[in-house]
Number of protein chains: 2
Amino acid sequence: MAKAKIAVNGYGTIGKRVADAVRAQDDMEVVGVSKTKPNYEASIAHQMGYDIYAPAENLGAFEKAGIPAAGTIEEMLEKAELVVDCTPGGIGEKNKPMYEKAGIKAIWQGGESHPIAGFSFNAASNYEGALGRQFVRIVSCNTTALCRVISPIDRELGVKKVRVVLARRAADPNDVKKGPINAIVPDPIRLPSHHGPDVRSVLPHIDITSAALKIPTTLMHLHTVNMETNTDCTVADIKRILGSQSRILFVGQGISSTAEIIEYARDIGRPRYDIWENCIWEESITVHEKELYFFLAVHQESITIPENVDAIRAMMEFENDGAKSIEKTNKAIGL
Amino acid sequence: MAKAKIAVNGYGTIGKRVADAVRAQDDMEVVGVSKTKPNYEASIAHQMGYDIYAPAENLGAFEKAGIPAAGTIEEMLEKAELVVDCTPGGIGEKNKPMYEKAGIKAIWQGGESHPIAGFSFNAASNYEGALGRQFVRIVSCNTTALCRVISPIDRELGVKKVRVVLARRAADPNDVKKGPINAIVPDPIRLPSHHGPDVRSVLPHIDITSAALKIPTTLMHLHTVNMETNTDCTVADIKRILGSQSRILFVGQGISSTAEIIEYARDIGRPRYDIWENCIWEESITVHEKELYFFLAVHQESITIPENVDAIRAMMEFENDGAKSIEKTNKAIGL
């Protein structure tokens with residue numbers, strides 16, 4: 001079987017991780033990555049052996065910086081069967097005509113809204129719906145995390161409603177331009193936040209509302225999840241259901257914060273200390289008067305990466321069974 | 001009428017504010033404040049004209065530092081009719097025998113547990129229950145804030161249940177020893193946190209659970225409140241009910257974070273930029289499918305201060321009507 005030819009448009013926080021994850025698979029390959037500026041990330045992409053493409057007007061700057069560019073973004077798309085758009089939120093939408101013109105499949109990230117693709121994807125929730133599609137949107141890190149916990153519980157117990165408060169990292173570790181550095185920012189002030197409704201782009205029947213805060217930290221988001229199930233359940237039931245999911249990791253053993261989760265990832269040798277799994281404090285799982293509670297930490301930079309790989313596989317119809325794709329993706333990246 | 005003679009045991013974050021608030025009233029006076037070490041706060045207390053008392057073994061250190069001490073803590077208690085214990089959580093309990101021996105009334109703060117006094121106080125919720133009592137506990141900043149919103153809504157609409165997530169400032173602004181500086185700490189990991197149950201020390205019939213996080217900020221706590229009422233209500237109802245409370249302040253006008261609330265307090269000339277009121281983003285008040293949501297910010301250093309003054313007045317039986325005491329306290333401190 002020929003490998004799927006994948007272009008990664010936008011080699012930033014998500015793009016560089018998608019490129020590495022695609023490269024790790026045996027049924028797909030990276031034909032090129034795009035970068036607008038010849039900065040340190042472009043230099044590393046070159047060192048890693050990726051063919052770099054840039055907007056036509058910026059090719060001169062790459063040459064001047066001593067980072068070879070293989071051509072324009074349009075030329076990259078010509079080589080590809082599928083493009084993963086990892087440009088900043090809102091830009092992806094502007095790129096859609098370019099992908100349509102190139103006649104290739106396209107994946108967007110959660111910064112774009114649902115209608116851009118007409119299908120929002122989470123591997124554990126609706127893999128089969130992506131089979132053969134031309135356009136797919138991978139939901140955001142927070143939505144991905146919520147879908148991963150809601151889907152299996154809903155299948156087994158039925159989810160009556162979900163109420164979640166998201167404490168969001170204000171900026172990524174390398175984003176030195178954002179704040180706050182000493183404040184809590186309700187964001188948005190007007191409730192609910194978009195996260196709950198966005199879960200319904202994948203799981204339309206779930207009653208979910210959300211509220212979100214931006215807080216002065218860079219490492220991970222943290223969700224406080226409150227859920228009612230249709231069927232009575234015990235803590236043991238929830239641990240069994242969530243524990244059976246390969247992309248859910250229980251944390252404990254003295255891990256008391258997001259910082260220690262990151263330390264754990266560094267110690268086990270994860271690339272860029274990425275944590276592709278939902279991290280749930282096992283001890284926090286509580287059933288109290290028919291309501292379920294737990295704390296869930298989300299590594300915003302990496303949690304959607306395996307979902308991108310699975311989406312490619314579904315869209316290319318290389319694998320019709322979501323569970324098998326998840327297993328294959330996980331194994332290749334070392335999850 | 002003779003002024004009530006008040007001792008403030010522990011002149012730290014809460015104690016210095018209680019002293020100032022008591023001094024501002026016309027029916028009570030500060031006979032002394034205690035300090036263990038002759039540091040900058042003790043020096044300011046002296047400049048402000050408070051008589052400073054210290055543990056007997058530390059009187060020499062005060063003399064050496066050039067800060068006059070008026071005597072021992074036991075001597076301070078002899079001059080007082082009522083002591084407000086503002087020592088760190090857990091120390092107050094050890095002081096109880098000393099207060100009993102002195103035969104005076106005593107108030108503790110929320111760092112002590114309910115049984116220390118057998119009565120937990122919130123002016124808007126149970127003022128009358130404190131009338132004539134010897135011992136009273138003022139509930140913590142977070143519990144005070146929750147009681148202030150739950151009580152009036154419960155009286156008018158009936159509160160079916162409350163689910164709240166507290167994003168807690170990790171340290172006070174002057175507390176340079178604590179963290180985290182870049183992490184989210186679920187605290188406690190095992191749910192629920194004590195805050196919900198603590199509300200029931202004031203309002204025993206309320207169904208409330210809480211979860212809490214420590215986050216890297218010093219300015220204020222932030223509560224995401226989710227409440228179900230027994231009677232259907234509109235946003236306008238809630239605005240009217242909460243807006244009628246003198247210790248609830250609606251924020252808006254471009255205030256997007258706790259930092260801007262503090263800036264507001266600085267601009268209107270509040271002492272130490274204290275905000276004695278619950279701060280609720282008016283725009284966040286949402287009624288969604290029979291559930292009420294809002295964001296509430298809590299200035300941890302000062303929100304319980306007026307409650308201390310009201311508790312003194314109730315325990316001394318200077319005023320039998322809680323609403324009148326609240327009004328009198330507010331007016332004197334400039335709220």
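Each chain gets a letter, A, B and so on, in the order its sequence line appears, and its residues count up from 1.
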task: Decide, yes or no, whether a salt bridge links B:Arg163 with B:Asp207 under the criterion of side-chain N to carboxylate O below 4.0 Å.
output: yes
message: Between B:Glu156 and B:Arg240, does any side-chain N to carboxylate O distance fall below 4.0 Å?
response: yes
query: With chain A, which of B:Ile184, B:Val165, B:Thr258 has the greatest number of heavy-atom pairs at distances under 4.5 Å?
result: B:Ile184
query: Hey, are B:Arg148 and B:Glu277 close enough for a salt bridge, meaning a charged N less than 4.0 Å from a carboxylate O?
result: no
- prompt: Is chain A contacted by the side chain of B:Pro180, its backbone, both, or neither, given a heavy-atom distance below 4.5 Å?
  reply: neither
- prompt: Is there side-chain contact between A:Asp237 and A:Thr231, with heavy atoms separated by less than 4.5 Å?
  reply: no
query: Can you tell which of B:Thr209, B:Asn226, B:Ile261 has the highest number of heavy-atom pairs within less than 4.5 Å of chain A?
result: B:Thr209
field: Contact origin within A:Pro216 toward chain B - heavy atom pairs under 4.5 Å
entry: both
Heavy-atom proximity to chain A below 4.5 Å, by part of B:Leu219: both
query: How long is the gap from CD on A:Gln245 to CG on A:Leu242, to the nearest 0.5 Å?
result: 7.5 Å
query: So which heavy atom on A:Phe295 is nearest to which on B:Ala212, and how close?
result: CZ-O, 3.8 Å
message: At a 4.5 Å cut-off on heavy atoms, which part of B:Asn182 comes close to chain A: side chain, backbone, both, or neither?
response: both
query: Where on B:Ile181 is there a heavy atom nearer than 4.5 Å to chain A: the side chain, the backbone, both, or neither?
result: backbone
query: Of the backbone (N, CA, C, O) and the side chain (C-beta and beyond), which part of B:Ala170 lies under 4.5 Å from a heavy atom of chain A, both, or neither?
result: neither
message: Any non-hydrogen side-chain atom of A:Thr229 less than 4.5 Å from a side-chain atom of A:Ile153?
response: yes
message: Less than 4.5 Å to any heavy atom of chain A: does that hold for the side chain of B:Arg190, its backbone, both, or neither?
response: both
message: If you count heavy-atom pairs within less than 4.5 Å of chain B, which of A:Pro188, A:Pro186, A:Ser256, A:Ala167 leads?
response: A:Pro186
- request: Under 4.5 Å heavy-atom distance to chain A, tell me which part of B:Leu296 shows up: side chain, backbone, both or neither.
  value: neither
- prompt: Which residues pass the side-chain contact (heavy atoms from CB on, under 4.5 Å) test with A:Thr13, sequence neighbours left out?
  reply: A:Arg17, A:Asp172, A:Asn174, A:Glu301
- prompt: Can you name the side-chain contact (heavy atoms from CB on, under 4.5 Å) partners of A:Glu228, sequence neighbours left out?
  reply: A:Lys160, A:Lys161, A:Glu291, B:Lys161
task: Name the region of B:Ile189, side chain, backbone, both or neither, that has any atom closer than 4.5 Å to a heavy atom of chain A.
output: both
task: Check whether B:Thr217 gets within reach of chain A through its side chain, its backbone, both or neither, counting any heavy atom under 4.5 Å.
output: both
